[in-house]
Structures are given as C-alpha cells and as structure tokens.
Amino acid sequence: MDEVQEAIKKQVDSHPVILFMKGTPQFPQCGFSMKASQALAGCEADFAYVNVLEDERIRQGIKDFGNWPTIPQLYVNGELVGGCDIILEMYESGDLEQLVRNAGAAQGSGA
Amino acid sequence: MTEERVAMIRERLQAALPVEHLEVADESHLHAGHPGAREGGGHFRVLVVSEAFSGRPPLQRHRLVYDAMGDAMRRDTIHALSIRALTPQEHEGASA
C-alpha cells in the first residue's frame, strides 16, 4: 500500500463518520458534495470531512481506495457507504441518521 | 459530442446488464462554469431498470453501473453520473 493509501486508511479508521468532499461543509465547491454534507448535517451527528481539493493525491487516491470513481464518498466505521445518490436516498429513508448516530455511539460519545 | 456520450452510456449499459428500461439525460448545462464542465467532462443522469439489481444493496447496484462505464468515468468523459438503479418490481411500484 503506498503512502497516500496509508494516509487515507488512517483517516478512515480514526473517524467513525468521514466524508471525502470537494470543498468544506461551510463552503462546498461542488453541488454533489454540498448535498451530501447537508444530508449529514441534517442527521445532527458529528462527522469528519476531508477537502480533496486541498491535495491532488488524495483526490485521485480516494477513488482507488474505495474503488469508486466519484466524489463525494462517505465512510462509516471504515466502510464505504456510497456517493451522493446513495447518501441522499438513505437520508430520505431515515437510514442515514440511524447509521451515523450508531457509528458515533460505537466509538463513545463521538466527542 | 453530447449525443455521442449519451449513446455511449446507453450502449455500455446495455452491453453489460440485462436492461429492461433505460433513461439517460445530459445535465451538463446545469453545471456550466463548474470546473468539471470546463474540463469537458459531462454530467449525466441515468435511470436503469434491471433484474441484475435484485437482491443487491444500492452500493453494489451503483458499482455495476460504474463498472459498465469502464474507463469513461476515470478519463472524465463522464465527470458525474447520477444513478437510479431499480429492479423491474421496484420500477413498477415507483411508477404506479
């Protein structure tokens, strides 16, 4: 595993809920990343994020890491949940809220 | 250019999956000025209805669609693809 993949793995393993996105939740730089981060924010659970635009190696590396060709990508407890469409589908069904809240609980308070 | 890519998406999906119903829309115009649009990659939306999705969760369904696209995603011929992947039963339910 190369350096970039190691770095991504470390981030994914150390945050129960982490979104790889373009921009930040406060200033998203792509409509899909914006919708994904808004859905997570709507779940009122803590989540970490990585702005892939800050590092071209991560921007490409995350696609290999998840074997998933697009950004955003959401990982919960180290597993890829999906991209924007899946995140929104799960948000609408209520599954997302359940998933991210339980993920935080499994790690303690998530604080 | 755009019509070619829509045709390519249709062909690749039909070659890879037993497709019962398929809709492909080019939404690149919604993203004009977006960095991906400037690079020439298009934004597309697909509705794919296939028996292949039966018993598969969303993540795996989307993987099947992405896999069908092959190198087009990686090469940014397709910059973004919104996917709705339904089984024939789900599709009937959704349109009833």
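For clarity, every value in this text was computed on a predicted model and none was experimentally measured. Naming: A, B, ... by sequence-line order, numbering from 1 per chain. As a basis for the values below, the full set of heavy atoms in this structure was taken, side chains included, without hydrogen atoms, waters or symmetry mates.
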Cluster overlap [X] with [Y], hydrophobic side-chain contacts below 4.5 Å:
X       : Y       : result
B:Leu64 : B:Ile78 : yes
B:Met69 : B:Val49 : no
A:Leu88 : A:Leu99 : no

**Message:** So which atom in B:Ile83 and which in A:Asp85 form the shortest heavy-atom distance, rounded to 0.1 Å?
**Reply:** N-OD2, 2.6 Å
**Asked** Of all heavy-atom pairs between A:Thr70 and B:Met73, which one has the smallest distance, and what is that distance?
**Response** CG2-CE, 3.5 Å
What do you reckon, is [atom1] of [X] surrounded by more than 12 foreign heavy atoms closer than 6.0 Å?
X       : atom1 : result
A:Gln98 : CD    : no
A:Glu79 : CD    : no
A:Glu56 : CD    : yes

Can you tell me how far apart [atom1] ([X]) and [atom2] ([Y]) are? Round to the nearest 0.5 Å.
X       : Y       : atom1 : atom2 : answer
B:His62 : A:Ile86 : NE2   : CD1   : 4.0 Å
B:Asp67 : A:Asn67 : CG    : CG    : 7.0 Å
B:Leu81 : A:Cys84 : CG    : SG    : 12.0 Å

**Request:** Find out whether A:Leu80 and B:Arg63 are in side-chain contact, i.e. whether some heavy atom of one side chain is under 4.5 Å from a heavy atom of the other.
**Result:** yes
**Request:** Check whether A:Ile71 gets within reach of chain B through its side chain, its backbone, both or neither, counting any heavy atom under 4.5 Å.
**Result:** neither
**Message:** Is the ring pair A:Phe32/B:His43 parallel, tilted or perpendicular, if the boundaries are 30 and 60 degrees?
**Reply:** parallel
